[in-house]
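Each remark here refers to the structure printed beneath this line.
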Amino acid sequence: MLNTIFKFLPKLFALGLLIVLAACSHVPAKDAANTQIIELSAANLPAVAAEFVTTRTGEEHEHEEHEALPPEVSWRFWRDSQQITIERPQLGLGELWQRDGQELIHRKLYHHDQRAIEFQAGDLRMLDITPSWQKLALLLDSQLLDKLTAEEIEWTDGIPTREYQGKVADTQWHVVMRLDVALPALIEREHGDFSERTELLHAYPLKAAPWQPTPVNGYDVIDFADLGDKESDPFVIKVQAQMGHEHHH
């Protein structure tokens with residue numbers, strides 16, 4: 001059973017990590033003089049909270065095993081220097097990433113069940129899931145941006161943005177980065193008949209966020225290494241089904 005879990009977990013992670021965004025602003029123009037342009041490569045990015053909506057059309061055939069997603073998903077993001085949290089409230093799912101020195105620890109959160117699966121750094125390496133902290137923090141791989149054509153910085157209502165466009169490996173990309181918060185404001189990608197658009201709806205300083213991550217202190221946490229010992233656990237069976245196990249052998 002553990003081999004089956006190995007097969008499908010990267011697909012599930014791909015969904016959690018593939019997230020992108022668009023320009024709505026709550027920073028008035030009069031504050032433009034106080035707005036800083038953040039270098040996307042900076043070691044310390046601003047502590048922020050943000051809300052996004054992702055819409056998808058068509059089927060992404062190269063990810064056949066992923067869990068079924070509705071055509072439109074709203075989700076929230078919280079970032080500080082040591083922890084990143086992502087929640088998709090309508091799906092009852094979340095992700096938590098924490099820095100442990102140079103290593104990463106990850107938890108997949110199942111809020112409806114009040115349970116979580118925890119992956120230590122060694123587990124992530126074994127599964128070939130090794131995103132950099134910067135990629136998680138930006139919600140986008142900076143190496144992708146390097147392959148796209150970058151426009152000049154533009155200011156709209158006191159907010160600095162930079163637009164990127166181009167085609168990489170048969171996928172057409174259109175990205176707008178908000179440089180005051182170091183987050184994508186918009187990401188559009190098209191591959192064949194599949195298209196995905198993620199827009200940033202709201203962004204706030206972390207301390208001023210109008211919503212907080214779901215408390216998880218009381219959750220039952222299962223170590224990834226122990227999943228093989230819980231093959232009769234209804235929760236583990238359900239997680240497998242969400243990954244598409246029931247459709248594959």
Side-chain angles (χ1 to χ4, degrees), residues 1-20 49 52 54 60 62-70 73-139 141 211-249:
M1 173 187 152
L2 205 53
N3 288 335
T4 302
I5 293 171
F6 284 0
K7 178 180 178 182
F8 294 109
L9 271 170
K11 303 296 185 182
L12 190 60
F13 275 97
L15 291 170
L17 295 178
L18 189 148
I19 314 180
V20 284
F52 303 93
T54 297
E60 194 171 13
E62 57 193 65
H63 294 298
E64 291 178 359
E65 292 95 343
H66 65 57
E67 61 181 304
L69 285 176
V73 176
S74 298
W75 51 281
R76 292 171 178 169
F77 172 86
W78 296 262
R79 177 185 72 199
D80 63 25
S81 62
Q82 298 298 317
Q83 181 168 295
I84 291 167
T85 305
I86 296 170
E87 286 192 7
R88 293 179 282 175
Q90 73 198 81
L91 302 181
L93 298 174
E95 298 189 33
L96 175 66
W97 295 87
Q98 294 175 313
R99 284 206 237 199
D100 183 13
Q102 297 299 312
E103 303 278 20
L104 291 177
I105 297 173
H106 177 65
R107 283 188 180 181
K108 190 75 178 174
L109 308 172
Y110 297 83
H111 297 302
H112 292 162
D113 299 279
Q114 296 192 352
R115 301 184 78 175
I117 300 175
E118 181 167 287
F119 303 79
Q120 297 295 321
D123 301 325
L124 296 174
R125 283 191 292 269
M126 179 171 55
L127 294 165
D128 196 26
I129 300 166
T130 53
S132 68
W133 181 260
Q134 206 73 0
K135 179 178 179 178
L136 294 168
L138 292 175
L139 289 170
D141 192 342
W211 16 254
Q212 300 298 323
T214 302
V216 296
N217 292 341
Y219 282 21
D220 176 27
V221 179
I222 304 174
D223 291 335
F224 171 75
D226 295 336
L227 282 180
D229 299 327
K230 297 181 179 292
E231 57 185 8
S232 61
D233 186 324
F235 168 74
V236 174
I237 294 171
K238 183 179 73 170
V239 168
Q240 278 192 291
Q242 289 177 345
M243 296 179 202
H245 176 230
E246 74 274 28
H247 301 302
H248 298 270
H249 302 283

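For the single chain, residues carry numbers from 1 onward in sequence order.
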[X] and [Y]: which non-hydrogen atoms are nearest, and at how many Å?
X	Y	result
Q90	V73	OE1-CA, 3.6 Å
K135	S132	N-OG, 3.0 Å
Q83	T85	NE2-OG1, 3.8 Å
L104	P131	CD1-O, 3.2 Å
F77	L136	CE1-O, 3.9 Å
F224	M126	CE2-CE, 3.8 Å

Rounded at 0.5 Å granularity, tell me how far [atom1] in [X] sits from [atom2] in [Y].
X	Y	atom1	atom2	answer
R88	L109	CZ	CG	11.0 Å
I117	F235	CD1	CZ	4.5 Å
T214	L93	OG1	CG	11.0 Å

A side-chain contact here means heavy atoms from C-beta on lying under 4.5 Å apart; do [X] and [Y] qualify?
X	Y	result
K108	E95	yes
Q120	I105	yes
I86	F52	no
D233	R115	yes

Judged by atom type as modelled, is there a donor-acceptor pair below 3.5 Å linking the side chain of [X] to the main-chain atoms of [Y]?
X	Y	answer
Q114	G218	no
R99	S81	yes
D223	A225	no
R79	A137	yes

Practice item. Let me see the working for W133 and I84 under side-chain contact (heavy atoms from CB on, under 4.5 Å), right down to the final yes or no. Key: CA-CA 9 Å; W133 181 260; I84 291 167; 3.8 Å; yes

Check your understanding: Who are the ring pair (Phe, Tyr, Trp, His ring centres under 6.0 Å) partners of W211, not counting sequence neighbours?
Key ->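 Expected list: W78, Y204.
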
Check your understanding: Parallel, tilted or perpendicular: which describes the rings of H106 and F119, with under 30° parallel and over 60° perpendicular?
Key ->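 Plane angle between 30° and 60°, so tilted.
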
Exercise for review: Run the numbers on E118 and D123 for side-chain contact (heavy atoms from CB on, under 4.5 Å), then give the verdict.
Suggested key: CA-CA 9 Å; E118 181 167 287; D123 301 325; over 6 Å; no

Review point. How about Q82: does its CD atom have over 12 heavy atoms from other parts shown lying under 6.0 Å from it?
Key: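 For Q82, atom CD is crowded (more than 12 foreign heavy atoms under 6.0 Å).
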
